[in-house]
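The next block holds one structure in the form of structure tokens; read it before the comments.
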Protein chains: 2
Amino acid sequence: MSNLDQARVASRSTETTRAALIKAATSVFAEYGYDGGSVRLITQRAMANQAAVNYHFGGKDGLYREVLIAATRAFEENAFLDPEELDALSPEDALRRYLHQFLLPLVKRDRVSRFLRIFAWESVQPSEVFSAFIAHSPPRIFRLAERVVRRFLPQEASAETVTFAMLWLAQQPMFFVRDAERLAQPPFSLKFDEDALERLVDTLAGLSLRGLAGV
Amino acid sequence: MSNLDQARVASRSTETTRAALIKAATSVFAEYGYDGGSVRLITQRAMANQAAVNYHFGGKDGLYREVLIAATRAFEENAFLDPEELDALSPEDALRRYLHQFLLPLVKRDRVSRFLRIFAWESVQPSEVFSAFIAHSPPRIFRLAERVVRRFLPQEASAETVTFAMLWLAQQPMFFVRDAERLAQPPFSLKFDEDALERLVDTLAGLSLRGLAGV
DNA sequence: TTTCGCTTCAAACGAGCGTTTGAATTTCAA
DNA sequence: TTGAAATTCAAACGCTCGTTTGAAGCGAAA
């Protein structure tokens with residue numbers, strides 16, 4: 001009908017506003033978390049009206065859901081890290097690849113970095129939206145980590161041991177990404193350029209592979 | 001003067017109110033962080049008047065500062081973990097002791113657990129009060145972790161490597177303590193009783209000592 | 001050009017926040 | 001017992017929050 005056609009044509013400016021809001025919301029939620037990120041700041045950065053959030057997404061929670069969908073899509077992109085790509089590598093290389101990929105946000109301040117930071121917020125301040133969102137599909141970072149640790153652990157390892165090891169590995173890069181800004185200041189004063197990132201990957205891979213005693 | 005005497009004597013009921021406020025503030029800030037924890041909820045739990053916070057502590061930030069002081073005192077207590085106690089143990093036992101001590105909050109829902117959770121909040125949402133508080137004295141958990149890793153690393157290890165390894169170790173127990181509630185729910189469903197805690201210490205100690213390849 | 005949805009907009013609403021106020025109450029030396 | 005200082009209290013202030021409202025702007029079909 002003409003209604004639909006109108007909607008489709010008019011959706012060009014609609015999509016502009018929607019996309020600007022999602023982009024602004026991603027950066028705001030990454031900075032301040034879901035509760036701390038205000039609709040006023042989001043619409044200000046998106047150069048949109050405050051009411052636009054409710055008009056296009058039904059409310060703040062609807063906008064956040066769209067951000068999470070975009071984040072999931074970004075992680076699922078094969079360009080980020082393909083599960084089968086991990087299987088093709090040796091266990092050691094798979095581990096290094098995993099660490100490197102999830103530490104990349106330290107030097108590339110891109111969308112993925114902001115998505116990881118949103119996940120970090122959720123680990124301290126879980127929102128209902130996020131809980132419902134991941135209820136039936138654990139975040140990819142955990143599935144990839146499990147795939148890596150299973151390459152190392154013996155077949156007879158208990159499910160609990162696998163889970164412990166998986167969480168142990170998964171949170172290692174998340175910590176450095178989440179706390180990067182704090183670590184950049186005294187008393188740590190860690191500045192992450194590309195060389196420092198490589199050294200960090202080396203150190204973490206060494207620790208994870210052989211432990212403290214093997215460094 | 002009589003003024004001072006009065007103040008000293010009257011301070012009995014004053015101390016009651018102050019202590020109740022600090023205790024309530026500790027649990028509220030542990031649950032909701034500094035920004036998310038409201039003065040109204042704190043005074044409600046302490047069964048005190050809202051204005052009491054400003055009267056006794058000058059404001060919300062003053063109360064938070066007192067909580068951080070109490071937290072520091074709790075960590076500095078030798079009963080928690082004595083740095084020299086670590087040196088008396090073998091490197092392996094020092095590592096196990098360190099992990100066990102910082103994972104204890106998983107089964108003991110005590111004050112220390114709440115203080116650790118406040119630190120977790122600060123790693124995502126740093127408050128000015130906290131930043132000023134730790135500016136010239138890094139939290140004990142990091143100093144202890146450095147002491148442990150130095151037992152393992154070779155003398156010629158670079159300062160950066162020591163820092164990487166120290167952070168790597170320090171954040172391992174913090175993760176499990178911080179995310180305990182989330183890990184208790186699907187898809188992980190980890191319930192931490194005392195036996196599970198021992199198994200977790202075993203697993204983490206094994207991973208940290210010998211790495212994934214040595215499990 | 002008129003008409004009709006879709007979208008934008010400024011303004012306001014109600015709720016929660018930290019803080020202030022000034023009076024009421026308690027405490028204790030004199 | 002009296003009087004002054006310390007403490008408590010209910011109420012209100014000013015602010016930010018997410019959301020709602022109704023009018024204005026807009027583009028395309030008629």
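Naming: A, B, ... by sequence-line order, numbering from 1 per chain.
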**Request:** Start with the C-alpha gap between B:Phe115 and B:Thr72, add the side-chain angles, then the distance that decides, and say whether side-chain contact (heavy atoms from CB on, under 4.5 Å) holds.
**Result:** CA-CA 9 Å; B:Phe115 292 147; B:Thr72 300; over 6 Å; no
**Prompt:** Going through the checks in order, is the ring pair (Phe, Tyr, Trp, His ring centres under 6.0 Å) test met by B:Tyr64 and B:Phe29?
**Reply:** CA-CA 8 Å; B:Tyr64 189 51; B:Phe29 289 141; 4.9 Å; yes
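Rounded to an integer number of Å, the gap from CD of B:Gln44 to P of C:dG18 is 13 Å. Remark: P of D:dA23 and OH of A:Tyr55 are 17 Å apart, rounded to the nearest angstrom. Rounded to whole Å, atom C1' of C:dT19 lies 16 Å from atom CZ of B:Phe57. Straight-line distance from the CG atom of B:Leu63 to the P atom of C:dC17: 15 Å, rounded to whole Å. C:dC6 atom C1' lies 14 Å from atom CD of A:Glu15, rounded to whole Å.
For A:Arg65, there are no salt bridge (Lys or Arg N to Asp or Glu O under 4.0 Å) partners at least two apart in sequence or on another chain.
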Check: protein-nucleotides 15-19 of chain D nitrogen or oxygen pairs below 3.5 Å:
residue	atom	partner	partner atom	Å
D:dG18	OP1	A:Gly37	O	3.3
D:dG18	OP1	A:Val39	N	3.3
D:dG18	OP1	A:Lys60	NZ	2.9
D:dG18	OP2	A:Val39	N	2.8
D:dG18	N7	A:Arg40	NH1	2.7
D:dG18	O6	A:Arg40	NH2	2.9
D:dT19	OP2	A:Lys60	N	2.8
D:dT19	O4	A:Gln50	OE1	3.1

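Here A:Asn49 reaches the OP1 or OP2 of C:dA10: one of its side-chain N or O atoms lies under 4.0 Å away. For the OP1/OP2 pair of C:dC6 and a distance below 4.0 Å, the side-chain nitrogens and oxygens of A:Thr14 include no atom meeting the criterion. Contact annotation: A:His56 reaches the phosphate of C:dT8 (side-chain N/O to OP1 or OP2, under 4.0 Å).
Here the straight-line distance linking atom CZ of B:Arg18 with atom CD1 of B:Ile22 works out to 5.5 Å at 0.5 Å rounding. From B:Glu160, atom CD reaches atom CG of A:Leu200 across 8.0 Å, with rounding to the nearest 0.5 Å.
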Donor-acceptor contacts, no H, no angles, side chain residues 173-190 of chain A, under 3.5 Å, sequence neighbours left out:
residue	atom	partner	partner atom	Å
A:Asp179	OD2	A:Arg182	NH2	2.6

